[in-house]
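Each chain gets a letter, A, B and so on, in the order the sequences are listed, and its residues count up from 1.
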Number of protein chains: 2
Amino acid sequence: MTDDAVETRRTAPATLHDVAREAGVSLATASRSLNGSTRKVNEEYRQRVLAAAAKLDYSPNLSAQAVARGTTTTVALLVADIADPYFSQMAAGVVREADRERLIVTMAATERDTERELDLVRTLRGQRPRVMILAASRREDDPNNDALEAELRAFESNGGRVAFVSSAAGAFRAVQLDNRAGAEALARELIDLGYRRFAAVTGAEGIRTADERLAGFRAGLEAGGGTLERIVRPDFTRDGGYEGMTQLIEEGLDGIELVFAANDVMAVGAMSAIRDAGLTPGTDVAVAGFDDIPTVRDVTPPLTTVRIPLEEVGRRALRLALDEDGAVDDAPVHTEVVLRDSTPRRG
Amino acid sequence: MTDDAVETRRTAPATLHDVAREAGVSLATASRSLNGSTRKVNEEYRQRVLAAAAKLDYSPNLSAQAVARGTTTTVALLVADIADPYFSQMAAGVVREADRERLIVTMAATERDTERELDLVRTLRGQRPRVMILAASRREDDPNNDALEAELRAFESNGGRVAFVSSAAGAFRAVQLDNRAGAEALARELIDLGYRRFAAVTGAEGIRTADERLAGFRAGLEAGGGTLERIVRPDFTRDGGYEGMTQLIEEGLDGIELVFAANDVMAVGAMSAIRDAGLTPGTDVAVAGFDDIPTVRDVTPPLTTVRIPLEEVGRRALRLALDEDGAVDDAPVHTEVVLRDSTPRRG
DNA sequence: CCGTAATGAGATAGCGCTTTCCCGTATGGT
DNA sequence: ACCATACGGGAAAGCGCTATCTCATTACGG
């Protein structure tokens with residue numbers, strides 16, 4: 001492949017210096033004209049600078065600005081898995097809000113590995129982002145938790161801002177997802193629909209989100225006289241849901257009326273497992289999930305779940321982090337049970 | 001909310017200078033110890049520096065490094081919509097590959113607005129990213145296309161690298177998605193299955209991806225004696241698919257056996273529309289899509305589609321961009337027809 | 001033993017910006 | 001007419017780094 005492509009000589013990008021020279025003004029004046037400064041600049045000069053910048057196709061070097069100003073326009077976002085709709089919806093919210101604030105988002109994926117998460121936080125800290133948003137799911141008792149906290153503390157004491165998306169983030173700001181209450185409300189509604197005998201497909205013990213949802217669900221059942229007869233703990237993913245459900249079926253469903261999956265992607269996987277086992281979800285065994293990702297409207301039957309306004313969560317996480325002093329709404333995010341056909345009224 | 005939180009005084013992050021002082025060596029030696037340099041450093045000094053860095057919790061300022069080195073470790077990624085699984089899968093691939101190369105990804109969403117896209121490219125250029133990956137869908141004849149191309153040319157002539165994900169990207173590098181061939185192959189297979197009368201739900205004319213897929217599908221049909229009887233062009237989204245299908249049904253399906261949606265999210269929306277109209281997808285009217293996003297395995301019936309290895313596409317886009325000189329595989333990405341139950345054999 | 005070549009630490013000149021600080025000039029109050 | 005005061009442009013001092021250049025020290029061949 002010979003390089004007979006376009007003969008574009010590699011030229012360095014125009015610097016502010018070039019612009020100033022072209023406009024016949026000083027560096028200072030050029031700088032002041034191109035970014036609002038407190039100082040006024042003669043309109044004629046300003047126009048000259050603007051014209052020169054346009055002519056040279058000048059684009060300010062953000063790194064240089066960051067160094068000079070001592071502050072960046074970056075927000076760093078950490079999620080477990082970008083392709084997971086739970087996280088990608090949230091990320092979309094963060095990006096949208098960041099855009100409004102003219103901030104740039106850098107994104108990284110922990111792949112659910114807390115070691116990696118810690119590394120990423122360290123690396124990302126090098127960017128000196130204004131904000132760091134951690135949406136990757138926390139684990140109880142992880143050996144890296146302390147190190148992570150220390151790292152974030154250091155980041156904060158350097159003027160950075162941290163926001164978690166979670167239910168409890170130690171002493172950091174957090175968008176509270178009321179997993180417990182949501183799951184509890186769901187359980188009550190299911191009891192109302194006539195269900196009594198349940199199983200749960202959830203994540204490994206220690207994943208806080210999973211634990212809380214399970215605890216809430218259990219509490220709701222107990223209050224209403226239902227029983228949680230079985231629990232399986234596969235991966236916290238679609239395939240995990242499929243496997244968990246398959247296991248449940250193989251071991252015999254005997255009498256279980258409804259399976260609660262700790263999140264929607266698992267629920268969707270579980271529904272496929274049910275169907276692949278020759279049963280019909282909703283009819284032979286009901287299914288409920290958590291999150292209300294877009295997909296669940298389109299599976300059959302549509303999935304009963306607990307709605308979290310994920311995009312809004314992303315937006316709020318950023319606002320919360322940016323907020324100067326507690327002026328921002330930090331009530332738990334409103335969750336809502338959405339009953340659909342995967343949990344028909346019984347009897 | 002009073003601030004009786006932790007009494008963390010806001011301190012500036014440790015600089016390399018601090019580390020050098022702490023270690024009792026020069027700035028140069030500290031720099032050389034902390035990042036490989038061509039020069040060797042006395043092991044004892046090196047250890048001292050490392051210890052000092054650890055003690056001060058030093059994290060190199062990436063902006064400063066970028067300014068000093070004249071090069072960054074950033075890759076900028078532009079997608080249409082982060083929450084759309086088509087893009088989020090791709091993004092996951094880019095991020096993963098970037099991680100391998102120890103690069104940081106900044107992400108922005110065009111929201112399918114070419115004006116915004118242009119703006120974003122300009123802003124992102126300020127970052128001086130090593131690579132810019134454009135995955136947002138291109139439109140034919142968009143008034144902004146020339147400006148975008150000029151902007152990207154400028155970026156390239158400054159040493160930046162550009163990669164598109166698309167079928168034709170002018171003179172830029174691109175991961176080729178063979179939309180046409182994929183759709184054509186799909187059409188042939190559907191003909192083989194006994195289908196003859198088709199409708200298409202696709203995006204607005206001018207969206208290149210949509211156009212190509214439609215053209216390919218049409219070609220495949222013609223070769224096999226099928227007819228494309230109707231075309232609707234709603235939004236290129238899930239809801240668009242739903243609306244388009246609803247419209248088709250309201251106008252009367254009369255004889256249409258299969259609906260081809262130009263992408264999977266639309267197909268999934270279409271299936272819901274079919275069901276909401278009281279019909280059964282696959283049975284009353286078959287449906288096929290394009291992309292093979294994860295969801296389509298879990299809808300009922302599972303969707304026939306054309307598989308694109310989206311994550312791989314993301315990874316390849318980055319490698320392609322990074323690649324120094326055409327050493328990288330730039331054959332079109334392998335697409336593959338995946339027949340599932342949404343298109344049962346006829347007759 | 002001396003001269004020369006490696007060796008490697010430190011001083012320093014940038015990188016592309018922002019932001020003080022310094023001044024010359026215009027303004028206005030008395 | 002005179003001095004205090006804005007006003008606003010330009011010079012220059014950084015910001016936190018890297019990389020070049022200097023220069024003392026060590027090693028070694030003849």
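- We find the CG-CZ distance between B:Leu27 and B:Arg21 to be 10.0 Å, quoted to the nearest 0.5 Å.
- In this entry the distance linking CZ of A:Arg69 with C1' of D:dG14 reads 15 Å, nearest Å.
- Proximity note for A:Ala68 (side chain, C-beta onward) versus D:dA19, C:dT18, D:dG9: the nearest is C:dT18.
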Under-3.5 Å N/O pairs linking protein and nucleotides 4-8 of chain D:
none

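- Residues B:Leu322 and B:Leu103 are in side-chain contact: their nearest non-hydrogen atoms beyond the backbone lie under 4.5 Å apart.
- Both B:Val67 and B:Gly24 sit near DNA chain C, but only B:Gly24 has its closest nucleotide nearer the 5' end.
- Between the base of C:dG10 and the side chain of B:Arg32 there is a donor-acceptor pair shorter than 3.5 Å.
- When the nucleotides C:dG16, C:dT18, D:dC17 are ranked by their closest atom to the side chain of A:Ala64, C:dG16 comes out on top.
- For C:dG10, one of the phosphate oxygens OP1 or OP2 lies less than 4.0 angstrom from a side-chain nitrogen or oxygen of B:Ser26.
- Using a cut-off of 4.0 Å between Lys/Arg side-chain N and Asp/Glu carboxylate O, B:Glu97 and B:Arg316 are scored as not salt-bridged.
- Following rounding to the nearest Å, A:Arg21 (CZ) and C:dG16 (P) show an atom-to-atom distance of 12 Å.
- Of the candidates C:dG16, C:dG10, D:dC17, C:dG10 carries the atom nearest the B:Val25 side chain, counting heavy atoms from C-beta on.
- Considering only side-chain N and O atoms, A:Asn35 lies under 4.0 angstrom from the phosphate OP1 or OP2 of C:dT18.
- Taken from OG1 in B:Thr110 to CD in B:Glu115, the straight-line distance is 12.0 Å, to the nearest 0.5 Å.
- Atom CG of A:Leu62 and atom C1' of C:dG16 are 11 Å apart (whole Å).
- What separates CG of B:Leu27 from C1' of C:dG14 is a distance of 13 Å, to the nearest Å.
- Rounded to whole Å, the distance from CD on B:Gln127 to P on C:dC17 is 14 Å.
- Note that the CD atom of B:Glu117 and the CZ atom of B:Arg138 stand 4.0 Å from one another [nearest 0.5 Å].
- The phosphate of C:dC17 (OP1 or OP2) has no side-chain N or O of A:Ser31 nearer than 4.0 angstrom.
- For the pair A:Gln65 and C:dT18, the criterion of a side-chain N or O lying under 4.0 Å from OP1 or OP2 is met.
- By the 6.0 Å and 45° rule, A:Arg153 stacks over the aromatic ring of A:Phe172.
- Along DNA chain C, the nucleotide nearest A:Thr38 and the nucleotide nearest A:His17 are compared for position; the residue whose nucleotide lies closer to the 5' end is A:His17.
- Between A:Asp323 and A:Arg161 no salt bridge is recorded (no basic side-chain N to carboxylate O distance below 4.0 Å).
- As rounded to whole Å, 18 Å separates atom P of C:dG14 from atom CG of A:Asn61.
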